[in-house]
Colleague: 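Shown below is the structure under consideration.
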Protein chains: 2
Amino acid sequence: MKTKKSILLVEDDPNFGRILKDYLTINNYEVTLAVNGIEGFEKFNKSEFDLCILDIMMPFKDGLTLAREIREINDIIPLIFLTAKNLKDDVLKGYKIGADDYLTKPFDSEILLAKIKSILNRKPNVNIDENDVFEFDFGDFSFNSKLRILTHKLGETYKLSPKENQLLKMLVLNFDDLLPRDIALNKIWRDANYFTSRSMDVYIAKLRKYLEKDFTLKIINVHGEGFRLMKE
Amino acid sequence: MKTKKSILLVEDDPNFGRILKDYLTINNYEVTLAVNGIEGFEKFNKSEFDLCILDIMMPFKDGLTLAREIREINDIIPLIFLTAKNLKDDVLKGYKIGADDYLTKPFDSEILLAKIKSILNRKPNVNIDENDVFEFDFGDFSFNSKLRILTHKLGETYKLSPKENQLLKMLVLNFDDLLPRDIALNKIWRDANYFTSRSMDVYIAKLRKYLEKDFTLKIINVHGEGFRLMKE
DNA sequence: GTAATACATTAACATTTCCTTAAGAAAGTT
DNA sequence: AACTTTCTTAAGGAAATGTTAATGTATTAC
C-alpha cells in the first residue's frame with residue numbers, strides 16, 4: 001500500500017515529456033520519465049508502477065514493442081497509449097496487446113487526468129501477490145504491514161511509518177538472508193544515491209530500536225552489501 | 001463455454017441505434033436497445049447486463065442523469081458514453097460519475113469494438129451485493145444503514161446524514177481492518193483530491209463524536225493510508 | 001415568500017507524523 | 001594512517017490530520 005500512485009511515462013519528446021510529467025506530479029502522482037522504449041523497459045524492471053503511459057512513435061524501440069515486453073512480464077498493469085496521429089491501426093494493435101486506453105495528441109490534459117483516475121480507481125488493489133501477504137511473525141513480534149503495526153508479544157504495539165514499514169517488510173521477506181542495499185533503495189526510495197543511502201541508515205537505526213525488545217533479533221550490516229535480519 | 005455478453009445500448013437516434021445494435025450483434029454480443037433514458041432505466045432494472053453504452057444527448061432523460069441512476073444501484077458495471085460533439089464538460093462529468101470510457105461521434109466501429117473487448121476482458125466482475133446487508137452490531141451500538149440510524153444500547157439514537165452513513169458503513173464493513181482513504185473517497189465522494197479529503201476528515205471527526213459513547217471503540221488513522229475502526 | 005433546517009463544503013488554526021539532512025562518532029577496509 | 005562506510009541522534013520543514021467554526025446551498029416548514 002503506497003501513498004502516491006506511481007506512473008511510468010515513456011515519451012521521446014523531452015519538452016512534452018517534461019511538461020506532462022510536471023502536470024501529473026502537481027496532480028499528486030509520482031512520475032518516472034523515460035525518453036525511449038529501451039530506457040522505459042529498464043525503468044519498468046527497476047521498480048514497481050501502477051500505470052504506464054507510452055508514446056507509440058519513438059526511436060529505437062516504439063511504444064507497441066515496449067508494451068508487448070511489459071505485458072510478457074506483467075499482464076495486469078494498465079497501459080495508456082499516446083498516438084501522434086489518429087492511426088487507427090496503432091490503436092487497434094494497442095488494444096490487442098492489452099491497452100486500457102489511448103489518447104490522440106494533442107489531447108486535453110484534464111481528460112488524461114480523468115482517464116488515469118478512472119483506470120486506477122477501477123482496480124483498487126490489483127497487485128495480488130504483494131497485497132496478499134502482510135502478516136508476519138518473527139521472534140517475539142507479529143508484524144502487520146497492511147496496518148503498519150508491529151506488536152511485541154508482551155508489550156507495546158508500535159505504529160510504523162511508511163518507510164519503516166516497507167523496509168521492515170523487505171527485511172522480513174529476506175529473513176536470515178541478505179537484503180542488498182541497492183534493491184531496497186530502488187524499491188523504497190526509487191533511487192540509489194548517497195542521500196537516500198544515508199536516509200536508509202537512519203531507518204535501519206529506527207528499526208533496530210524497535211527490535212531490541214527481543215535480544216535474539218539483530219539487523220546486521222554486511223559491509224558494502226546490505227543488511228540482514230536474523231535471529232540469535 | 002459462457003453465454004454471450006449482454007450490452008444495454010441507449011441511443012435516441014433510431015437509425016443509428018439500429019445500425020450499431022446490428023453491428024454489435026454480428027460481433028457476438030447480445031444487445032438490448034432503448035431509445036431514451038427513461039426506457040433505458042427500465043430495461044436496466046429488468047435484466048442484467050455486462051456493459052452499458054449511453055448516448056449523452058437524449059430527450060426526456062439524458063445519458064449523464066441515467067448514468068447517475070445506474071451508478072446508485074450498481075457501481076461496478078462498465079459505462080461507455082457517446083457524445084455527439086466533443087463536449088469536454090460532458091466527458092469530464094461522465095468520468096466523475098464513474099464512466100469507463102467515452103467516444104465522440106462519429107466514431108470508428110472497430111475502435112468501439114476494441115474498447116468493448118478491452119473493458120469486458122479486464123476482469124470478471126465479482127458482484128458482491130453489499131446492499132443486502134444494512135444491519136450491523138458493533139461495540140455498544142447497533143447501526144441500520146438503510147434507515148441511517150445509529151443506536152447506543154443505553155442511550156440515544158442518532159440520525160446520520162447520508163455522508164456520515166456511507167462512511168460509517170464502509171468503516172464497519174472493514175471492521176478492524178484498514179479502510180483506504182482513496183477507496184472511500186472514490187466511492188463516497190467520487191473523487192479524491194485535497195478538498196474531498198478534508199471533507200472526509202470532518203466526517204471522521206463527527207463519527208468519532210458519536211462513537212465516543214463507547215470508550216472501547218476507536219477510529220484510528222493510518223497516516224497516509226486511511227482509517228481503521230477497531231475495538232479496544 | 002420568508003424563515004428555519006439539514007447537509008456538505010471550505011476555512012482556519014492546532015497538532016501530529018514523516019522524511020530528509022546534518023554532523024560527529026564508530027567501525028570496517030586498504 | 002587515510003579513506004570509506006555505517007551508526008546514531010537531533011533539527012527543520014513539509015505534509016497529513018484533528019477539530020471547530022463559518023459559509024454555501026438546497027429543501028422543508030410556516
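For the numbers below, each heavy atom of this structure counts, side chains included, while hydrogens, waters and symmetry mates do not. Residue numbering restarts at 1 for every chain, and letters A, B, ... go by the order of the sequence lines.
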Colleague: Roughly how many Å is it from OH in A:Y158 to P in C:dC18, rounded to a whole number?
Modeller: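 My rounded result for the distance is 15 Å.
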Colleague: What's the verdict on side chain to side chain contact (heavy atoms under 4.5 Å, CB included) for A:K61 and A:E69, showing C-alpha distance, side-chain angles and the deciding distance?
Modeller: CA-CA 11 Å; A:K61 187 189 287 183; A:E69 294 177 352; 2.9 Å; yes
Colleague: Would you please test B:Y158 and B:E164 for side-chain hydrogen bond (donor to acceptor under 3.5 Å, both in side chains) and show each step?
Modeller: CA-CA 11 Å; B:Y158 306 104; B:E164 291 169 348; over 6 Å; no
Colleague: When you check the phosphate oxygens OP1 and OP2 of C:dC7, does a side-chain N or O of B:R148 lie under 4.0 Å from one of them?
Modeller: yes
Colleague: Under 4.0 Å from OP1 or OP2 of D:dT8: is there any side-chain N or O of A:R208 that close?
Modeller: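 Answer yes for this pair, as a side-chain N or O of A:R208 is under 4.0 Å from OP1 or OP2.
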Colleague: Does D:dT17 have OP1 or OP2 sitting under 4.0 Å from an N or O in the side chain of B:R181?
Modeller: yes
Colleague: I need the CG-C1' distance between B:D201 and C:dT15, as an integer number of Å.
Modeller: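 Those two atoms, CG and C1', are 13 Å apart.
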Colleague: Answer yes or no: is there an ion pair linking B:D201 with B:R181, defined by an N-O contact shorter than 4.0 Å?
Modeller: yes
Colleague: Taking only side-chain nitrogens and oxygens of A:T196, does any of them come within less than 4.0 Å of OP1 or OP2 of C:dT20?
Modeller: no
Colleague: Just compare D:dT6, C:dA12, C:dC19 and give me whichever is closest to any side-chain atom of A:P162.
Modeller: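 It is C:dC19.
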Colleague: Dump the pairs, protein N or O against N or O of nucleotides 27-30 of chain C, anything under 3.5 Å, distances to one decimal.
Modeller:
none

Colleague: Counting any heavy atom closer than 4.0 Å, what does A:S199 reach on the DNA or RNA strands: base, sugar-phosphate only, or nothing?
Modeller: base
Colleague: Please report the distance, rounded to the nearest Å, between CG in A:N193 and P in C:dC19.
Modeller: 16 Å
Colleague: Donor-acceptor pair, A:N174 side chain versus A:M170 backbone, under 3.5 Å?
Modeller: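 Yes; judged by distance alone, with no hydrogens or angles, the pair exists.
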Colleague: Mind listing the closest non-hydrogen atom pair of B:L54 and B:G63 along with its distance?
Modeller: CD1-O, 3.8 Å
Colleague: Can you check the A:D191 CG to C:dT20 C1' distance for me, whole Å?
Modeller: 14 Å
Colleague: Using a cut-off of 4.0 Å on non-hydrogen atoms, how would the nucleic acid contact of B:Y203 be classed: base, sugar-phosphate, or nothing?
Modeller: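 The answer is base, as B:Y203 lies within the cut-off (heavy atoms under 4.0 Å) of a base atom.
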Colleague: Please give, in whole Å, the distance from D:dC7 P to A:I219 CD1?
Modeller: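 Those two atoms, CD1 and P, are 10 Å apart.
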Colleague: Base, sugar-phosphate, or nothing: which does B:F227 touch, judged by heavy atoms less than 4.0 Å apart?
Modeller: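 The residue B:F227 makes sugar-phosphate contact but no base contact.
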Colleague: Would B:Y102 and B:F81 count as a ring-ring contact (aromatic ring centres under 6.0 Å, His included) if you check the C-alpha gap in whole Å, the side-chain angles of each, and the deciding distance to 0.1 Å?
Modeller: CA-CA 4 Å; B:Y102 74 98; B:F81 285 108; 9.0 Å; no
Colleague: Is there any protein nitrogen or oxygen under 3.5 Å from a nitrogen or oxygen in nucleotides 9-14 of chain D, and what are the pairs?
Modeller:
unit_1 : atom_1 : unit_2 : atom_2 : d
D:dT9  : OP1    : A:K209 : NZ     : 3.4
D:dT9  : OP2    : A:K209 : NZ     : 2.9

Colleague: Indicate the ring-plane relationship of A:F44 and A:F49, choosing parallel, tilted or perpendicular according to the 30° and 60° boundaries.
Modeller: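 If you compare the ring of A:F44 with that of A:F49, the planes turn out parallel.
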Colleague: Between the side chain of B:S142 and the main-chain N/O of B:E135, is any donor-acceptor distance below 3.5 Å?
Modeller: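 A pair under 3.5 Å: no.
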Colleague: Without swapping roles, check the side chain of A:D100 against the backbone of A:L79 for a donor-acceptor pair under 3.5 Å.
Modeller: yes
Colleague: Once you round it to whole Å, what is the distance between C1' of C:dC7 and CG of B:L168?
Modeller: 17 Å
Colleague: Tell me which of B:K159 and B:R198 sits closer to the 5' end of DNA chain C, going by the nucleotide each one is nearest to.
Modeller: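 Checking each residue's closest nucleotide, the 5'-ward one belongs to B:K159.
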Colleague: Within this structure, what is the CD1-to-C1' distance between B:I204 and C:dT16, rounded to whole angstrom?
Modeller: 16 Å
Colleague: Can you tell me if B:W189 touches the phosphate of C:dA8, counting only side-chain N or O atoms and a distance under 4.0 Å to OP1 or OP2?
Modeller: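 For B:W189, the contact criterion (side-chain N or O under 4.0 Å from OP1 or OP2 of C:dA8) is not met.
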Colleague: Under 4.0 Å between a side-chain N or O of B:S197 and OP1 or OP2 of D:dA16?
Modeller: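 Checking D:dA16 against B:S197, no side-chain N or O comes under 4.0 Å of OP1 or OP2.
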Colleague: What integer distance in Å separates A:Y194:OH from C:dT21:P?
Modeller: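 Spelled out: OH on A:Y194 to P on C:dT21 is 11 Å.
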Colleague: Write down the atom of A:A192, the atom of A:D182, and the distance for their closest heavy-atom approach.
Modeller: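 Smallest heavy-atom distance, with atoms named: CB-OD1, 4.5 Å.
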